[in-house]
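Report on the structure given below.
We're numbering straight along the sequence, starting at 1. Note that this is a predicted model, so its numbers are computed, not measured.
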Amino acid sequence: MATKRDYARLFDLTGRKAIVTGGSRGIGRALSEALAAHGADVAIVVRSTIEQADALAAELNTNGGDSFAIRADVANPADVERMAAAVEARWGRADILVNNAGIVLPGNAEEYPLDQWRQTLSVNLDGVFLVSQAIGRMMIRQKSGSIINIGSMSGRIVNWPFRHAAYNVSKAAVHMLTKCLATEWAEHNIRVNALAPGYIMTELTEEVLRDHPDVVSQHWAKGAVQDRIGTVDELAGAVVYLAGDAASFTTGEIHTVDGGLTLR
Ligand code: NAD
């Protein structure tokens with residue numbers, strides 16, 4: 001628990017052990033870098049190509065540290081158990097979990113294929129549940145931990161004109177799961193919060209821009225009172241805050257960082 005004497009150390013994560021799913025690109029990469037910059041070691045969890053994550057881990061370890069990359073599909077229970085066992089074997093503990101991995105498969109509701117609906121829910125919701133469960137058990141044993149789920153403004157509002165009901169539903173469910181786990185695990189000294197970003201420029205959004213180059217000016221920026229979309233760096237501070245002692249009295253919170261998009 002932070003005391004008055006500790007103000008300067010509120011954001012210090014030195015020696016903390018963090019897991020970031022989908023941590024090698026986009027938002028996850030920035031969050032891995034930010035946690036490491038504040039002293040944490042990071043297990044970078046990736047679904048497929050491990051090379052990018054290995055390179056990032058080496059970068060994070062430049063001045064010492066024990067970050068590493070590990071392959072796991074968050075929607076696959078056996079993969080998740082193997083990943084948690086590897087974290088336990090290497091570190092013997094887990095202080096911070098960032099459930100960042102997520103996918104968007106757009107499409108109109110009336111013709112949306114059931115397999116895409118299930119795939120979206122499987123990665124975005126089951127994945128958060130499975131990884132929280134596996135890492136949460138370690139946190140329960142050690143009686144401490146901070147979990148941050150990457151939700152979305154799409155868990156609060158319906159994006160337009162692009163339609164992706166499955167994604168929106170998955171993120172709304174992540175917000176509710178955040179509150180459920182915060183409530184159940186408070187007795188184990190585990191805090192569970194969500195970060196709900198607005199439109200952020202990443203590989204994911206760049207894919208949309210390729211087909212719809214005007215979407216930022218026509219829709220995404222227009223929606224935000226700050227009249228622009230965000231960068232991955234603008235999410236980093238919120239996650240460092242939620243991860244560490246600065247947020248010791250904050251749990252079950254859905255922290256929105258969206259340039260005011262959901263204000264009106
Ligand atoms: P991204 O596609 O660049 O990164 C997603 C990462 O998740 C990738 O590394 C991908 O490999 C990984 N991933 C996907 N499925 C996985 C699986 N089954 N197992 C393990 N890893 C898997 O996307 P991003 O824009 O960086 O998004 C990161 C998170 O932020 C997502 O949860 C997304 O929904 C959320 N988000 C993004 C925005 C935005 O505007 N970019 C806005 C709100 C919320």
Side-chain angles (χ1 to χ4, degrees), residues 20-31 45-49 52 72-77 79-80 98-132 149-180 194-224 228-232 235 254 256-264:
V20 180
T21 67
S24 68
R25 73 171 224 183
I27 292 170
R29 183 184 181 97
L31 302 185
V45 181
V46 291
R47 180 184 40 185
S48 44
T49 44
Q52 199 179 3
D73 178 344
V74 297
N76 179 324
D79 269 22
V80 170
V98 182
N99 280 307
N100 164 77
I103 57 171
V104 192
L105 303 172
N108 295 347
E110 64 275 19
E111 58 209 21
Y112 200 74
L114 182 60
D115 65 324
Q116 289 194 19
W117 175 272
R118 287 186 173 146
Q119 197 187 343
T120 305
L121 271 289
S122 164
V123 175
N124 293 8
L125 180 58
D126 299 2
V128 173
F129 175 66
L130 289 170
V131 178
S132 297
N149 298 324
I150 307 304
S152 174
M153 62 179 166
S154 310
R156 299 181 53 194
I157 52 107
V158 178
N159 306 73
W160 204 255
F162 297 107
R163 299 161 195 210
H164 37 67
Y167 179 81
N168 301 351
V169 167
S170 74
K171 293 298 185 180
V174 165
H175 294 178
M176 181 46 99
L177 179 60
T178 300
K179 296 178 192 183
C180 295
L195 177 70
Y199 290 110
I200 305 293
M201 187 55 74
T202 66
E203 286 94 328
L204 193 75
T205 43
E206 273 167 13
E207 280 166 26
V208 182
L209 279 174
R210 270 196 290 275
D211 294 334
H212 308 276
D214 294 333
V215 71
V216 173
S217 57
Q218 293 297 308
H219 300 285
W220 293 353
K222 229 159 93 181
R228 65 179 178 87
I229 70 169
T231 66
V232 294
L235 302 177
I254 314 302
T256 302
V257 179
D258 68 352
L261 187 131
T262 49
L263 284 177
R264 56 184 183 179

Measuring from [X]:[atom1] to [Y]:[atom2], what's the distance to the nearest 0.5 Å?
| X | Y | atom1 | atom2 | answer |
| --- | --- | --- | --- | --- |
| D73 | R47 | CG | CZ | 7.0 Å |
| L177 | D126 | CG | CG | 10.0 Å |
| L195 | N100 | CG | CG | 9.5 Å |

Checklist line | Set of salt bridge (charged side-chain N to carboxylate O under 4.0 Å, His left out) partners for D79, sequence neighbours left out | finding: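 For D79 the salt bridge (charged side-chain N to carboxylate O under 4.0 Å, His left out) partners, ignoring immediate neighbours, are R82.
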
Next item on the list: Decide yes or no for V45 and V131: does some side-chain heavy atom of the first lie under 4.5 Å from some side-chain heavy atom of the second?
Entry: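 No - every pair of side-chain heavy atoms lies 4.5 Å or more apart.
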
Note to self: As a quick check of understanding, evaluate side-chain contact (heavy atoms from CB on, under 4.5 Å) for I200 and T205, giving each step before the final call.
What the structure shows: CA-CA 7 Å; I200 305 293; T205 43; 5.9 Å; no

Margin query: I'd like to know whether I150 forms a side-chain contact (heavy atoms from CB on, under 4.5 Å) with L235, so could you lay out the CA-CA distance, the side-chain angles of the two residues, the decisive distance to 0.1 Å, and finally the verdict.
Written below: CA-CA 10 Å; I150 307 304; L235 302 177; over 6 Å; no

Identify the two heavy atoms, one from [X] and one from [Y], that lie closest to each other, and give their separation to 0.1 Å.
| X | Y | value |
| --- | --- | --- |
| V123 | V74 | O-CG2, 4.0 Å |
| R228 | A224 | O-CB, 3.7 Å |
| N99 | G127 | OD1-O, 4.4 Å |

Check residues 208-216 and write down every donor-acceptor pair under 3.5 Å in which the side-chain atom is one partner and the other belongs to a residue at least two apart or another chain.
none

Next item on the list: Using side chain to side chain donor-acceptor pair (under 3.5 Å) as the criterion, list what pairs up with T21, not counting sequence neighbours.
Entry: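 In terms of side chain to side chain donor-acceptor pair (under 3.5 Å), with neighbours along the sequence ignored, T21 is linked to no residue.
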
When the side chains of residues 111-122 are checked against the rest of the protein, which donor-acceptor pairs come out under 3.5 Å, sequence neighbours left out?
unit_1: Y112; atom_1: OH; unit_2: L105; atom_2: O; d: 2.5
unit_1: T120; atom_1: OG1; unit_2: Q116; atom_2: O; d: 2.8

Side-chain atoms of residues 22-31: list all donor-acceptor pairs with protein atoms under 3.5 Å, sequence neighbours left out, distances to 0.1 Å.
unit_1: R29; atom_1: NE; unit_2: E33; atom_2: OE2; d: 3.2
unit_1: R29; atom_1: NH1; unit_2: S24; atom_2: O; d: 3.3

Checklist line | Residue pairs, two or more places apart or on separate chains, that pass side-chain hydrogen bond (donor to acceptor under 3.5 Å, both in side chains) and touch residues 151-179 | finding: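 Every pair satisfying side-chain hydrogen bond (donor to acceptor under 3.5 Å, both in side chains) with a residue in residues 151-179: N124-S170, N149-T178, S152-S154, S154-N159, R156-T256, R156-T262, N159-Y199, H164-N168.
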
